[in-house]
Amino acid sequence: MTDFSDYKGIWVFCEQRSGELMPTDFELVSEASRLAKEIGCKVTGVVLGNGMEAASKELGGYGADEVMVCDDPLLEVYTTDAYTKVLCDLVNEYKPEVLLMGATNIGRDLGPRCAARLHTGLTADATHLDVDTKEYIEFLRNASTIDVETVKLDEADRNLKMTRPAFGGHMMATIICPRFRPQMSTVRPGVMKRAAFDQAKADACQVIKPAFSITKEDIHVEVLSVEKAAKKMVDLIGANVVVSVGRGISKNVKEGLALAEKLADAMGGVVGASRAVVDAGWISSDHQVGQTGKTVHPKVYVALGISGAIQHVAGMQDSELIIAVNKNESAPIFGAADYGIVGDLFKVVPDLLKAIESERAAR
Amino acid sequence: MKAIVCVKQVPDTSGKVAYKPDGTLDRASMDVVTNPDDLNALEAALTLKDETGCEVVVISMGPDPAEGMLRELLARGADRAILVSGREFGGSDTFATSQILAAAVNRVGLGPDDIVFCGRQAIDGDTAQVGPQIAEKLHLPQVSYAAEIKKDGNKLTVKRMLEDGFMMLSVETPCLITCIKELNQPRYMNIKGIFECYDKRIERFDYEALKDDPLIETDTIGLKGSPTNVFKAFTPPLKGAGAMLNGDDAAAKLASILAEKHLI
Ligand SMILES: Cc1cc2nc3c(=O)[nH]c(=O)nc-3n(C[C@H](O)[C@H](O)[C@H](O)COP(=O)(O)OP(=O)(O)OC[C@H]3O[C@@H](n4cnc5c(N)ncnc54)[C@H](O)[C@@H]3O)c2cc1C
Ligand SMILES: Cc1cc2nc3c(=O)[nH]c(=O)nc-3n(C[C@H](O)[C@H](O)[C@H](O)COP(=O)(O)OP(=O)(O)OC[C@H]3O[C@@H](n4cnc5c(N)ncnc54)[C@H](O)[C@@H]3O)c2cc1C
């Protein structure tokens, strides 16, 4: 067995876009801080950008003990080549035991490139992390169909156990990387819980500015422009309530969307959709919930005219309360729901809007 | 000039999913399909072939039945098809898979005008890691999430999608691009292609053919060598069925439950 005693600490690569840290960064730092307690080590946030020093201290408020900031005009906008070089050079010098990053379109470009260069394994899109074996068994008790009483695991095992969905959510796999370091994983955005912000910790967070080198010659892909989507994107991940529509609105798409909009307004939420609705062009793709869309865990998720395909359920099953309205009583969505109503959404939603109004009036 | 396309055969996770009595996935009884994104990668290569007359080479690592898929890709317009297959390769993770595929690309020979196309993500392993890892191993610049590709000589302009917009990138050949479904509409097989594909040979690269490539590290391939291991595989429990609200006042019942829980 290789000696890993040189490798210490958890690093979180914290992505920024246009100089702003991403929501995932705060989730990951919070999660890393939880794991660091299991391991007994420090959490370091690593930020690459240009002029990121001041903004980076905020990571301390969520659990980073220190942040490592690399500022350079060549790091202002993400390029695979520059980010891979700087991050890998730092890892080789400081040797973290664990390296996490958000499974965003950028993290999933950077992560594999870095893992190949660092000669280590990479877990994709993890939704749960454990070091402690007892904690892991507790997790299995709730999240699997395995009879945990029959599971024998080595309690002294300190490998990071990285659990992720595969086969489109039909199956979960826990991945380990026992022979190489750092242990790397990309982590699905929106899944890890963000800790409460602590201003004192943010103030106390140390900023380290390590030496690094990057030149134009290192970069082989030129960024011509970065375009933000014209329309403001819907904030599905941050919403307390998501009201999603499925193909069940097809008999009157305009009316169906308007009803979802009204219900979302009444409950203080936003509108989501199944892929069928996005593919039909009825709503833009930033509204899509599911395996190839966003993972949400709002307080309330309402599924209107959605059948409940596993790829959709994968993106909403961890919502605190799930309500389904479907005219087919055997629709699989009812298996994932806390409350179900069998009926035509074009009738049920107006009824529900009225009922919500009278509940409010009665108070 | 060549366009090399990496294509994976995958179980059809959108159809009926079968489980074994112990709860694990029964892959053997599921239908197999060509990974959807890889058809977009092939289409990108065939579009280049239409424009430049370049050669299109498809490579797949997998067990023998993948030959059938490769023949279908020949019928869609690919010129050469290579099956990378060997007991030593079985159970490879993405690190190992990319090493083997990179060695296969080397064996085909990568020229200065050539492009390697991959799908963004395979629907079974779902990692989206193999493309970027092949690029790193071959020291190629990479562009992932390609939704538009324009070629002008050796320069490519690529629209790369982000969650909140996109980037326009410029890259020169040789390079590697991973493709998403927005890139194009894959073409079907044509009659001529179907007739001709049976005259073409499916080439095979086994362990012997690749083992001397400097990219192959014998201790990081296959199930044993892979850096990552599956520690446990399991199926998530179905949430117990919830309460069904019936009757004409179902909506009213729901509203009062929401009010009780302080959710409205
Ligand atoms: C690789 C892959 C990835 C995927 N990723 C995603 C993803 O991220 N997100 C996603 O959502 N899907 C995804 N899908 C697609 C998924 O498999 C389903 O096809 C999709 O979720 C179906 O959408 P739907 O429920 O709206 O439509 P349908 O399955 O057609 O269901 C419509 C439902 O509406 C009900 N209905 C009809 N009329 C009414 C009415 N008037 N009132 C009430 N109910 C009514 C019907 O009973 C039915 O249950 C993916 C598929 C694949 C293969
Ligand atoms: C449940 C489960 C979980 C897993 N989790 C991980 C993990 O977290 N990390 C890890 O490193 N490995 C993991 N693996 C192993 C991984 O699935 C395999 O290495 C697989 O061969 C490649 O990964 P993928 O299917 O995710 O492909 P992706 O990386 O998603 O594929 C991207 C593209 O690469 C090309 N490509 C991929 N495979 C082939 C091939 N065989 N032939 C030709 N082209 C190909 C295709 O163009 C494809 O579109 C897991 C396997 C299982 C069964």
Side-chain angles (χ1 to χ4, degrees), chain A residues 80-81 104-105 108-109 112-113 115-117 120-125 143-146 161 166-168 170-180 220-229 233 267 299-300 317 321 323 334-343 348 351-352 355-356 359-360, chain B residues 11 13-14 17 23 25 93-95 98 123-129 132-133 135-137 141-145 157 161-171 226-239 241-245 250-252 254-259 261 263-264:
Chain A
T80 313
D81 295 325
T104 63
N105 288 15
R108 297 188 89 169
D109 185 83
R113 187 95 197 191
R117 189 167 304 178
T120 189
L122 173 63
T123 303
D125 210 19
S144 79
T145 50
I146 297 179
K161 291 166 265 301
F167 290 88
H170 290 285
M171 179 183 167
M172 304 291 289
T174 303
I175 309 289
I176 52 170
C177 177
R179 288 161 51 228
F180 299 96
H220 304 287
V221 177
E222 187 193 349
V223 179
L224 304 173
S225 65
V226 183
E227 316 274 343
K228 289 259 175 219
M233 295 279 188
M267 299 181 70
K299 288 203 168 70
V300 187
Q317 61 193 353
L321 187 91
I323 297 166
F334 289 124
D338 298 288
Y339 295 101
I341 297 181
V342 178
V348 175
D351 283 355
L352 184 57
I356 289 175
E359 279 293 338
R360 289 216 165 107
Chain B
T13 56
S14 68
V17 174
L25 222 54
D93 75 350
T94 64
F95 185 98
S98 61
I123 59 170
D124 54 347
D126 267 346
T127 69
Q129 291 176 181
Q133 291 187 320
E136 171 64 17
K137 289 187 170 137
Q142 78 191 40
V143 178
S144 53
Y145 294 85
T157 307
M161 295 315 289
L162 295 172
E163 294 87 341
D164 55 353
F166 60 89
M167 281 176 162
M168 295 305 294
L169 302 173
S170 168
V171 62
S226 288
T228 65
N229 309 135
V230 175
F231 181 63
K232 273 242 162 329
F234 56 90
T235 41
L238 266 186
K239 207 166 162 173
M244 298 303 285
L245 305 173
L254 180 59
S256 73
I257 292 168
L258 290 174
K261 294 183 186 284
L263 292 168
I264 52 172

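Reminder, nothing fancy here: chain letters follow the sequence lines and each chain counts from 1.
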Among [options], who wins on heavy-atom pairs under 4.5 Å with chain B?
| options | result |
| --- | --- |
| Val348(A), Ile356(A), Thr123(A) | Ile356(A) |
| Asp351(A), Ile146(A), Asp81(A), Ile341(A) | Ile341(A) |
| Ile176(A), Ile175(A), Asp125(A) | Ile176(A) |
| Met172(A), His220(A), Met267(A) | Met172(A) |
| Ala116(A), Gly121(A), Gly340(A) | Gly340(A) |
| Lys299(A), Arg117(A), Arg108(A), Arg113(A) | Arg113(A) |

Could you look at Phe166(B) and say if it's the side chain, the backbone, both or neither that has a heavy atom under 4.5 Å from chain A?
both
How long is the span from the CZ atom in Phe234(B) to the OG1 atom in Thr174(A), to the nearest 0.5 Å?
4.5 Å
How long is the straight-line distance from CD of Glu227(A) back to CE of Met161(B), given to the nearest 0.5 Å?
10.5 Å
Given a strict heavy-atom distance threshold of 4.5 Å, which part of [X] is in contact with chain B: side chain, backbone, both, or neither?
| X | answer |
| --- | --- |
| Val300(A) | side chain |
| Tyr339(A) | both |
| Glu359(A) | side chain |
| Thr120(A) | backbone |

Looking only at non-hydrogen atoms, find the nearest pair between [X] and [Y] and report the distance.
| X | Y | value |
| --- | --- | --- |
| Pro178(A) | Pro227(B) | CD-O, 3.9 Å |
| Asp126(B) | Phe167(A) | OD2-N, 3.8 Å |
| Glu163(B) | Asn105(A) | OE2-N, 2.7 Å |
| Gly125(B) | Ala166(A) | O-CB, 4.3 Å |

Determine yes or no for a side-chain-to-main-chain donor-acceptor pair under 3.5 angstrom, with Glu136(B) supplying the side chain and Ala115(A) the backbone.
no
Say whether, by atom type as modelled, one donor and one acceptor occur between the side chain of Gln129(B) and the main chain of Leu122(A) under 3.5 angstrom.
yes
Only pairs of heavy atoms separated by less than 4.5 Å count here; which of [options] has the most with chain A?
| options | answer |
| --- | --- |
| Leu254(B), Leu258(B), Val171(B) | Leu254(B) |
| Lys261(B), Lys232(B), Gln133(B) | Lys232(B) |
| Thr94(B), Ile257(B), Asp93(B) | Ile257(B) |
| Leu263(B), Leu162(B), Val230(B) | Leu162(B) |
| Ala250(B), Ala252(B), Ser98(B), Ser256(B) | Ser256(B) |
| Asn229(B), Thr127(B), Val143(B) | Asn229(B) |

